[in-house]
Amino acid sequence: MNRFFITTAIDYTNGAPHIGHAYEKVLADVLARFHRQTGEEVFLLTGVDQHGQKVQQSAEREGIAPQEYVDGVTAKFLALWEKLGVVYDDWAATTAPKHKECVRAILTRLWEDRDPATGASRWIYKAARAGHYSVRQEQFLTDKERGPNGEFGPEWGQVEYREEENYYFRLAEHRQWLLDLIDARSGEGKPFVVPEFRVSELRNAVEKLEGDLCISRPKNRLSWGIEFPFDPGFVTYVWFDALVNYLSFAPGYDPIPTRPPHEFLAWWRTVIHDIGKDILIPAHGVYWPVMLKALGFSDAEMPTLLVHGWWNISGAKMSKSLGNTVDPDVLADRYGRAALRYYLMADIATGRDADFSEERLIQRYNVDLANGLGNLVNRTLNMTLKYREGSPAPIDLPADLATHLTANTLAQETYVRSMRDGQVQAGLESLGDVVNRANALVDASAPWKLAKDPEQADRLDAVLATLILSARTAATMLLPVLPEAAAEILEQLNLVAAPLEERGLELLPAGYRCGEPKPVFPRLDAIVPPEA
RNA sequence: GCCAGUGUAGCUCAGUUGGUUAGAGCGAGGGACUCAUAAGCCCUAGGUCACAGGUUCGAUCCCUGUCACUGGCACCA
């Protein structure tokens, strides 16, 4: 059986989830559900990044332990995924003992991977760096931070000269390897980064790669992290902690053996990292492949990065400081899970940015779901019950209706291709084709007229069967995005989902009888004003 | 500053591996119908595909330059 391993970025537990977090997780959930539907074995991994300075500071401000603080924020994420119907196979929390042990084992392994000539680690070294340090911002400053007059501005507070030792991961010497990898993957038609227009962006960044990656923080600066296994004076700094979650929670992974076991590799060879464009460079596009290489992963075992865009608010970047964040929790309560999931999948092309608007959300729901698919199901079932007591006579379809179903099959094939590429919006457009064609057929064939003419009895049976089968195709294509609503439609149709690889015509089963219609997507009338 | 992305109908956006009449939805106008969630269907929009060059038999789609907007280059979907 084919496998499909998809991960999301793990969200930083220093604030409540916003629409961007929700989008990424719903996207992963939809792709996971789609791949399951095609018969593949699927593993969806998501979680939270709980360490770091900001968490430590926030906890101190509230006078509670960091773990207590992150547990509180983590609960909000867990509740949101529950509310949005995001179902995952494992939960990657970076404070979990399993993860900490894995990070430490990996660091130890790299530290002990010695160059026989020098006796030094081939991957990690300790070095002292000196420079200007902002106490307020708790970071070293570079010349880029200097103002026009060459001085550090007041936003940095007190700036002092400091010297600090840290551990570094060798990065720069793998520049050419990474460039070759990127080019090779593009040449094979399996780009390292999807969508492909981001490849050049990454490539340029790699071209300019210099310097190594600082992977530690002295404990006196940062204590809320994973302690270095071979130097208790340090904790692991962000990326060697966060990125490793993809391994520590991967099915079957064990950091100890030289080569990972077969079960893990069977999953890993299919892995797709669903991430935002902000963490492509340098984290996922540079650090991560080099880290994997250091751990002995071959070029064929490098992941694919599925990079999505951002939801902007009125064209502006969403940010807390602008106060224009959108709370997915509130939206889900206000409009329902289905409306929110559908909007997030239908109104953005994977990889691109889009503008978020509640008006658009309502519009897409009403036009596509209520007026389109929902009404199609409703009118089809009503007519079937009214004219045929729910059971159209089983007859062969005339050529025009057979052609109609063939067009549906083609739409479904297009849909499958789009979804395999992660292009959910394009997939939903194919769904819209099926719905529109069926609604047009209703008007063109006018069953209410056929019903009055006994000589047209066969025609009426054939039209109703075509409509029912079209509705089934549409519901089948909706399943990954809106599983409950699609299941409800199938129940009303009294049919099971169509197989996605199906070809050729399939008629209604013998003795078919449809169920009772009930609007699956009640119209949303207008923007519900926010609570005063 | 460096790098990247974007710039397509009133609005929000697709798309074109270069090739006869550039697409969708919404909005707007008109029409016929009644099975249906007053939903659906049909017809209508004529946008120099940012601007200027270049390559080509032919460019909106490739190249160069210009302008505008956005993002990355410091944590951050």
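Small disclaimer: the values here were computed from a predicted structure and weren't measured. Within every chain, numbering begins at 1; the chains are lettered A, B, ... in the order of the sequence lines, protein sequences first and strands thereafter.
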Between atom CD1 in I468(A) and atom P in A36(B), what is the gap in whole Å? 16 Å

Are more than 12 heavy atoms, taken from residues, nucleotides or ligands other than E455(A), located less than 6.0 Å from that residue's CD atom? no

Partner residues of H21(A) under the ring-ring contact (aromatic ring centres under 6.0 Å, His included) criterion, sequence neighbours left out: H18(A), F77(A)

Side chain of K386(A) only, please: which of G72(B), A36(B), C26(B) is the nearest? A36(B)

Taking the six-membered ring for Trp, are W311(A) and F356(A) parallel (under 30°), tilted (30 to 60°) or perpendicular (over 60°)? perpendicular

Distance, rounded to the nearest Å, where L376(A) contributes CG and U37(B) contributes P: 13 Å

Rounded to whole Å, CD1 of I275(A) lies from P of C76(B) at a distance of 12 Å

Less than 3.5 Å apart, any donor N or O on the side chain of N494(A) or R513(A) sitting next to an acceptor on the other? no

Quote, to the nearest angstrom, the C1' distance that separates U44(B) from G27(B). 14 Å

Only Watson-Crick and G-U wobble pairs with both distances less than 3.5 Å should count. Give RNA chain B in dot-bracket notation, marking inter-strand partners with |. (((((((..((((.....[...)))).((((.........)))).....(((((..]....))))))))))))....

Distance between the C1' atoms of U60(B) and G54(B), in whole angstroms? 16 Å

Quick note, Y387(A) side chain, CB onward, closest among C26(B), C35(B), A77(B) is C35(B)

Is any NZ, NE, NH1 or NH2 atom of the basic residue among D329(A) and K76(A) found under 4.0 Å from an Asp or Glu carboxylate oxygen of the other? no

Grab the CD1-P distance between I281(A) and C76(B) for me, whole Å please. 14 Å

What distance do T414(A) atom OG1 and M419(A) atom CE have between them, rounded to the nearest 0.5 Å? 13.0 Å

Measure from CD1 on I279(A) to P on A74(B) and round the result to the nearest Å. 16 Å

Distance between the P atoms of U37(B) and G19(B), in whole angstroms? 46 Å

Using the P atom as the reference point in each nucleotide, state the distance between G46(B) and C41(B) in Å, no decimals. 23 Å

Could you measure between the two C1' atoms, the one in C42(B) and the one in G65(B), and give it in whole Å? 48 Å

Please tell me which of V435(A) and M383(A) maps to the more 5' nucleotide of RNA chain B, matching each residue to the nucleotide holding its nearest heavy atom. M383(A)

What is the distance, to the nearest angstrom, from the OH atom on Y12(A) to the C1' atom on C75(B)? 8 Å

If I pick the P atom on G23(B) and the same atom on U48(B), what distance separates them, to the nearest angstrom? 15 Å

Rounded to the Å, how far apart are W310(A) CH2 and C76(B) P? 11 Å

To the nearest 0.5 Å, what is the distance between CG (D461(A)) and OG1 (T384(A))? 9.5 Å

Cut-off 3.5 Å, side chains only: do S58(A) and N14(A) have a donor facing an acceptor? yes

Contact check, residues 487-495 of chain A vs RNA chain B, heavy-atom distance under 4.0 Å, returns none

Going from CD on Q412(A) to CG on L431(A), what distance comes out if it is rounded to the nearest 0.5 angstrom? 10.0 Å

Rounded C1' spacing from C76(B) to G71(B) in Å: 14 Å

Nearest 0.5 Å, what's the NE2-OG1 distance between H51(A) and T94(A)? 5.0 Å

What's the gap between C51(B) and C67(B) when it is taken at their C1' atoms, as a whole Å value? 7 Å

Consider the side chain of W448(A), meaning its heavy atoms from C-beta on, and name the nucleotide among A77(B), C75(B), C35(B) that approaches it most closely. C35(B)

List in chain and number order the residues that pass salt bridge (charged side-chain N to carboxylate O under 4.0 Å, His left out) with R203(A), two or more places apart in sequence or in another chain; answer none if no residue qualifies. D183(A), E207(A)

Would you please say whether a donor-acceptor pair under 3.5 Å links the side chains of D274(A) and H308(A)? yes

Under a plain distance cut-off of 3.5 Å, with no hydrogens placed, do R459(A) and S445(A) share a side-chain donor-acceptor pair? no

Output the residues of residues 436-444 of chain A in contact with RNA chain B, where contact means a heavy atom of the residue under 4.0 Å from an atom of the strand; sort by number or write none. N439(A), A440(A), V442(A), D443(A)

Supply the atom-to-atom distance E488(A) CD to L482(A) CG, rounded to the nearest 0.5 angstrom. 12.5 Å

Protein proximity profile, nucleotides 2-15 of chain B - base contact B, sugar-phosphate-only contact S, no contact -, cut-off 4.0 Å on heavy atoms: SSSSS-----SSS-

N375(A) vs G40(B): side-chain N/O to OP1/OP2 distance below 4.0 Å: no

Applying a 4.0 Å non-hydrogen cut-off, can you work out what V520(A) is touching in the nucleic acid: base, sugar-phosphate, or nothing? base

Within the 4.0 Å heavy-atom criterion, would you say F521(A) contacts the bases, only the backbone, or no part of the nucleic acid? base

Looking only at side chains, do H273(A) and T7(A) share a donor and an acceptor under 3.5 Å apart? yes

Nucleotide nearest R379(A) (side chain, heavy atoms from C-beta), chosen from G40(B), A77(B), C26(B): G40(B)

For the pair made of NE2 in H273(A) and P in A77(B), what is the distance, rounded to whole Å? 15 Å

Could you check whether Q425(A) and E429(A), counting side-chain N and O atoms only, form a donor-acceptor pair closer than 3.5 Å? no

